[in-house]
Amino acid sequence: MALIKSISGIRGTIGGVVNENLTPVNAVKFAAAYGMWLKSENSNQSLTVIIGRDARISGEMISNLVSNTLTGLGINVVDIGLSTTPTVEIAVTLDKVDGGIIITASHNPKQWNALKLLNHKGEFLNAEAGEKILKIAEDENFHFAEVDDLGKYEKKEGYIEKHIDEVLKLDLVDVEAIKKANFKVVVDAVNSTGGIAIPSLLEKLGVECVKLYCEPNGHFPHNPEPLKEHLTDISELVVAEKADFGIVVDPDVDRLAIICEDGSMFGEEYTLVACADYVLGKTKGDTISNLSSSRALRDITLKHGGKYQASAVGEVNVVELMKTTKAIIGGEGNGGIIYPASHYGRDSLVGTALFLSHLAHQKISCKTLRKSYPDYYMSKSKIELTPEINVDEVLEKITQKFKDEKPNCIDGVKIDFEEEWVHLRKSNTEPIIRIYTESKSQKNADELAEKFISVIENLL
């Protein structure tokens, strides 16, 4: 059981002891801290926050606690109910409200839940805002409204439909080409809100949809992280149904994985590569992903004459660099597509529509499309250290040892070699160094990881 407080929000397991788990007391405390921060940032008297949730069993309970806490602070709440992370982000901007909260623990198992916090732009809070909220929560520096100043609560429906309409309006979403292609697609939404959103989007695009685990009841039928080892059911169904491909989303629908027609994985890293290939083929521009994402995006960007840069890990960091560089598409290698023409947030609905447009224009199979991209293979390892070891010192020594390779040190140490790379980062929560590598074969990627584990052990 765990409670993790960080600058990006609070998450934890339901039940158990206060301050060790995500209990009702902790949900109230953190919602109050967010509300107090929001009030400190705004001079206007009347503030409104939009709240939505994924289909987790604990979602309604946490949502009620959060809503009542905010109204107790004098903040108005619009509850849009079962929703997706990108839907809430878009709702904040459509309704021009002051903030948003998504009740979701993303890809974590069903016993987990979390509060994801948004600003008035429908974007995740930056580190500075996150630190302020943590401090308010820690000090319990709350001031609640008197009886005549309580906030108003209302429920509103139809926001997933509004989100879909916004996706269909995007210039590069070619609705007619998709309809003409007569696609058949299997969807695994892990019994969360993607089971509402993705089939509804596909229906409007004229795509035949075979539903798998699309009942939004919060009982996840497999581990909800969209990784190969969790997706055997959809892989088999895509083949059995003779579908063109399969779509997998996580519980809050900000990560998108594709299954090829033969049941093989398109590769989470390659969702962004394919969408970027399509967008860059229609619009000249640059791309961003994080330091731990595949080099394939860089290759595709250069092929189209654009520039590629890498940010520190984390959606907030990707968005910040995308804004600075005016990148036209970006995201993270975990299947998170960020397309600023829509909004600055990872969005599986946008990703699905762009991917379908690309496939319709290419007039090739999903597997053939995947084969058209450079092959890279990743290895993800970690090395555990004793608490007294200074991880920053270890990383500094590695930087010096490989200084001729011009390491990137904006987030741990990333070393780019000609045919491969390694990224070393310290964990924020435990004494470990995460070791991500990528190369032209799985064997090479694994060997590069082993080499750096040895380098670290020798330095110790």
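Along the sequence shown, residues carry numbers from 1.
More than 12 heavy atoms of other residues, nucleotides or ligands sit less than 6.0 Å from atom NE2 of His222. Within 6.0 Å of atom CD in Glu388, more than 12 heavy atoms from other residues, nucleotides or ligands are found, so the atom counts as buried in its surroundings. For Glu405, the CD atom sits in a packed shell: over 12 heavy atoms of surrounding residues, nucleotides or ligands are nearer than 6.0 Å. For Lys303, the NZ atom counts as densely surrounded, since its 6.0 Å shell holds more than 12 non-hydrogen atoms of other residues, nucleotides or ligands.
Here Lys228 does not pair with Glu268 in a salt bridge; the nearest charged N to carboxylate O distance is not below 4.0 Å. Salt-bridge check for Lys211 with Asp188: failed, with every basic side-chain N at 4.0 Å or more from each acidic carboxylate O. For Lys39 and Asp98, the salt-bridge test fails: no basic side-chain N is under 4.0 Å from an acidic carboxylate O. Using a 4.0 Å cut-off between a side-chain N of Lys or Arg and a carboxylate O of Asp or Glu, Lys440 and Asp375 do not qualify as a salt bridge. Ion pairing between a basic and an acidic side chain is recognised when a charged N comes within 4.0 Å of a carboxylate O; Lys326 and Asp286 show no such pairing. Electrostatic pairing of Arg295 and Asp416 counts as a salt bridge here, judged by a charged N lying under 4.0 Å from a carboxylate O. Using a 4.0 Å cut-off between charged nitrogen and carboxylate oxygen, Arg346 and Glu332 count as a salt-bridge pair. In summary, Asp254 and Lys116 engage in a salt bridge, as defined by a charged side-chain N under 4.0 Å from a carboxylate O. Salt-bridge check for Glu41 with Lys132: passed, with a basic side-chain N closer than 4.0 Å to an acidic carboxylate O.
Checked by atom type and distance alone, the side chain of Asn42 pairs as donor or acceptor with a backbone atom of Leu38 at under 3.5 Å.
Here the CD atom belonging to Glu450 is positioned 9.5 Å from the OG1 atom belonging to Thr437, to the nearest 0.5 angstrom.
Between Ile198 and Ser348, the closest heavy-atom pair is CD1-O, 4.3 Å. Summarising the geometry of Glu420 relative to Glu438, their closest heavy-atom pair is CB-O, 2.9 Å, with the distance given to 0.1 Å. The minimum heavy-atom distance linking Ser293 with Gly333 is given by the pair OG-N, 2.9 Å. Lys367 and Ser264 make their closest contact through NZ-OG, 3.0 Å (heavy atoms, listed as atom of the first residue, atom of the second, distance).
Ring to ring, Tyr376 and Tyr270 are not that close: their centroids are 6.0 angstrom or more apart. For Tyr436 and Phe452, the distance between ring centers is not under 6.0 angstrom. For Tyr278 and Phe355, the distance between ring centers is not under 6.0 angstrom.
The cationic group of Lys323 lies under 6.0 Å from the six-membered ring centre of Tyr344 and within 45° of the ring axis, placing it in a cation-pi geometry. Annotation: cation-pi geometry satisfied between Lys451 and Phe417 (NZ/CZ under 6.0 angstrom from ring centroid, within 45° of ring axis).
Residues Cys214 and Pro199 have side chains in contact (heavy-atom distance under 4.5 Å, counting atoms from C-beta outward).
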